[in-house]
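Computed over heavy atoms, backbone and side chain alike; hydrogens, waters and symmetry mates excluded. Since the structure is predicted, the reported quantities are computational estimates derived from the model, not experimental observations. Just so it is clear: chains get the letters A, B, ... in the order the sequence lines come, proteins before strands, and each one is counted from 1.
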Number of protein chains: 2
Amino acid sequence: MATIKDVAERAGVAPSTVSYVLSGSRKISDETRRAVRAAVEELGYHPRASARSLRSARTRVLALAVPRVSGKSRGADGTFAIDISDAARGHGHDEVLITDLDGVAGMRRVAGSGMADAAVLMAVEEEDPRIAALRELEFPAALLAGSESDPGMPWVDLDWEAAVALALRETAAAGHRRIVFLSSADHEIDSRRGYALHGLRGARLAAAETTAELRTVPSSGDPEELGRRLREVLSVRPAPTALVVQHLILLPHLLDEITALGLRVPEDLALVLVGSIPDDLGGRRLPRIELPVAEMSAAVVRLAIGAIGADTSDTAGEHPPHRLISPRMATGCVIGPPSEPSS
Amino acid sequence: MATIKDVAERAGVAPSTVSYVLSGSRKISDETRRAVRAAVEELGYHPRASARSLRSARTRVLALAVPRVSGKSRGADGTFAIDISDAARGHGHDEVLITDLDGVAGMRRVAGSGMADAAVLMAVEEEDPRIAALRELEFPAALLAGSESDPGMPWVDLDWEAAVALALRETAAAGHRRIVFLSSADHEIDSRRGYALHGLRGARLAAAETTAELRTVPSSGDPEELGRRLREVLSVRPAPTALVVQHLILLPHLLDEITALGLRVPEDLALVLVGSIPDDLGGRRLPRIELPVAEMSAAVVRLAIGAIGADTSDTAGEHPPHRLISPRMATGCVIGPPSEPSS
DNA sequence: TCGATTCGTCGAATCGATTCGATTCAACGT
DNA sequence: ACGTTGAATCGAATCGATTCGACGAATCGA
């Protein structure tokens, strides 16, 4: 493979001159510049990443720590991984995947060997041990999930409170008077995941401002248990006419249960999803609050790259940037009115 | 961050000695070795990846080229990305994601800057331009998909022919006499995707060896069209009792259509999936031929790493290794018998 | 015509780890 | 007593790009 020396020889200049032409950090005569450019072209020269980052102490690589805890589907994680990579490329960076089962070990490896300039952490739990490790290593990072308990770390998250509130508000506005909110699962609430807690808060918010009857039921990681709760809540009379769902992992199973109850969607029961990606739907058009994956990815990459310059020294004074992404209804889907007018 | 020089100073030896202790490539006395080990521990020393790979011309990184064509769901891609990363770690390698919309440009970038030692290409089409680029760049690679038209490239794929044949054979063995095989979509067949063609061949194979009535219908990327074809094929009388599906992207939509026809699964219609990952199912237990993601990932990583040493010179003689993964039924699910005995 | 300034380019040091001789020192044989 | 062998360690070159100080030539003003 061609090196900068080869290019220099071919152009009849010194290697440093080639470097200046490429970086533009010093003025070079038109004539020389043309000669160098031609040599670069002819040899198909590409600077070697390892040499460049050895010298500059910058790799132009972002590390993405993928969650390995069971729970959220890996499908959404993959979607994020791809969109984050795209966003990183937009800033001239590449992305390595950190999939170590021991997340802390993975962080130590990346930070220690200097393979990346910063990390993006997905699906952060409160009190995530990786965050402590990152802080100890003084490694720049941004989180893809809100984290109240960890000030000093930049993060991005969907405004789950607003998202759930919006979904409920829109459902009520469509004319539904008896609405069920199927929130995050028990175990997610128990482990104090931000999206779970904020979703519940959004439901309370919406309940306070509507005259519709609103019942909140936690979901479950166990399909059987989820089915039981669903049957119970839908058997109340008069029956609810709308179901707003935040816990989408078991969505297909949910649809099976609804079908088994003899209910059609959306004729008998309106179904509204909160925070879904198109992949979840498999070609169906259900009304939903989108999870703006591209927007969140772009934001978290910006924060991670922004954290590279800022050292711990000046972090003391300023508080790091956070970003709550506003929810939107997906375009092209409307919530239908209840079948029996109730006003 | 600590360098090898710091470690050497602290241990009272030369940097080269530290290197020899760490690599074990020369004999070092117990005493010195202990001193060096202690210094490494105390300073938390980690060799810098950029320096190491500049010198050794090895990055210990694999590039994963993620497909950006619409079609196959990104969910499965994400699952593969994670499992491939795990497999790579098992061989001491990390994984960068190449998500460039222009796949060839991405390959050129990685190969040119030497950020990775080899590439893994997902979802390869026949006549994939990336393969030509890789060959021209003499960059080691392995493909995650069979490729008859590209000898000279190692690849791994599920044996789709055997998978479809197995699914049909098992369905017939469960007592079904009228079976519909919903194959890959038109556009996949037209673009000569390996899994599509082999799946069809598997259906022909199974048809030749069974007495059951077997009808093959291509799927469609368009939900409406898919619905039309499904209604048509299920309205034949006497009605088919089993549906074997290879095209899983629109599975939820498919289930909706079946429900809309007033059919229950599996009571009225047995449903068997070919090449699915657990994520596809959302908690449901449907009989299916698994897509052995972990096994395929491990195999493709082995091939990619194996291709690193082997240069084009000796590739001329030997043909590169291929690996067809044998299909298996997922455990814990059985195909039910048809409701009206037909024998 | 001579010093000062500017412009364009070069040479050498640097980043951190690896690796190939070279060197030191002890033990050994004659 | 002296050369020989071998074990353990050191020193220096190397990988490829970046960057700072220096240097020669051209240009300017006086």
Side-chain angles (χ1 to χ4, degrees), chain A residues 1-40 43-61 92 94 109-117, chain B residues 1-40 43-61 92 94 109-117:
Chain A
M1 263 200 294
T3 73
I4 200 172
K5 231 171 137 187
D6 301 327
V7 176
E9 250 167 64
R10 178 155 193 136
V13 298
S16 49
T17 303
V18 176
S19 178
Y20 289 127
V21 168
L22 261 28
S23 71
S25 64
R26 269 197 194 179
K27 214 190 216 171
I28 296 289
S29 72
D30 280 5
E31 194 188 0
T32 314
R33 187 167 33 224
R34 264 194 295 276
V36 169
R37 289 257 163 78
V40 164
L43 295 174
Y45 169 73
H46 249 270
R48 194 158 295 251
S50 52
R52 198 199 274 264
S53 54
L54 172 58
R55 179 64 225 241
S56 65
R58 283 277 133 92
T59 58
R60 303 195 74 85
V61 168
D94 274 286
R109 191 164 49 81
V110 173
S113 68
M115 339 183 329
D117 295 336
Chain B
M1 265 203 293
T3 73
I4 200 171
K5 231 171 138 187
D6 300 326
V7 176
E9 250 167 64
R10 177 151 194 139
V13 298
S16 50
T17 304
V18 176
S19 177
Y20 288 127
V21 168
L22 262 28
S23 71
S25 63
R26 270 197 194 179
K27 212 192 214 171
I28 297 290
S29 72
D30 280 5
E31 195 187 2
T32 314
R33 186 167 34 221
R34 262 193 296 275
V36 168
R37 289 257 163 77
V40 164
L43 295 174
Y45 169 74
H46 249 269
R48 194 158 294 252
S50 53
R52 197 199 273 265
S53 56
L54 171 59
R55 179 63 227 246
S56 65
R58 283 276 132 92
T59 59
R60 302 195 74 85
V61 168
D94 275 286
R109 190 162 51 80
V110 172
S113 67
M115 336 184 331
D117 296 335

Using the 3.5 Å cut-off, write out each protein N or O paired with an N or O of nucleotides 17-19 of chain D and the distance between them.
residue	atom	partner	partner atom	Å
D:dA17	OP1	A:Y45	OH	2.8
D:dA17	OP1	A:R48	N	3.3
D:dA17	OP2	A:I4	N	2.3
D:dA17	O5'	A:Y45	OH	3.3
D:dT18	OP1	A:R52	NH1	3.1
D:dT18	OP2	A:S19	OG	3.3
D:dT18	O2	A:R55	NH1	2.4

How does DNA chain D read in dot-bracket, base by base from 5' to 3', with Watson-Crick or G-U pairs under 3.5 Å and | used when the partner is on another strand?
||||||||||||||||||||||||||||||
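Between the OG atom in A:S29 and the CZ atom in A:R34 there is a gap of 8.5 Å [rounded to 0.5 Å]. Rounded to the nearest 0.5 angstrom, B:R52 CZ and A:S50 OG are separated by 13.0 Å. Interatomic distance, A:M115 CE to B:T59 OG1, rounded to the nearest 0.5 Å: 9.5 Å. The structure places CG of A:D94 at 11.0 Å from CG of A:D117, a figure rounded to the nearest 0.5 Å. With rounding to the nearest 0.5 Å, the separation of CZ in B:R60 from OG in A:S113 is 12.0 Å.
The interatomic distance linking B:I28 (CD1) with D:dT9 (C1') rounds to 7 Å, in whole Å. Atom CD in B:E31 sits about 15 Å away from atom C1' in C:dA26, given to the nearest Å. Distance, B:R34 CZ to D:dA8 C1': 15 Å, rounded to whole Å.
The minimum heavy-atom distance linking A:Y45 with A:A2 is given by the pair CD1-O, 3.5 Å.
As judged by a 4.0 angstrom heavy-atom cut-off over every strand, B:V18 is placed among residues making no nucleic acid contact.
Note on A:S29: every side-chain N or O is 4.0 Å or more away from OP1 and OP2 of C:dC7.
In this structure the side chain of B:R33 reaches within 4.5 angstrom of the side chain of B:D30, judged on heavy atoms. At least one side-chain heavy atom of B:M1 sits less than 4.5 Å from a side-chain heavy atom of B:R48.
Taking the nucleotide of DNA chain D with the nearest heavy atom to each of B:L54 and B:G12, the more 5' of the two is matched to B:G12.
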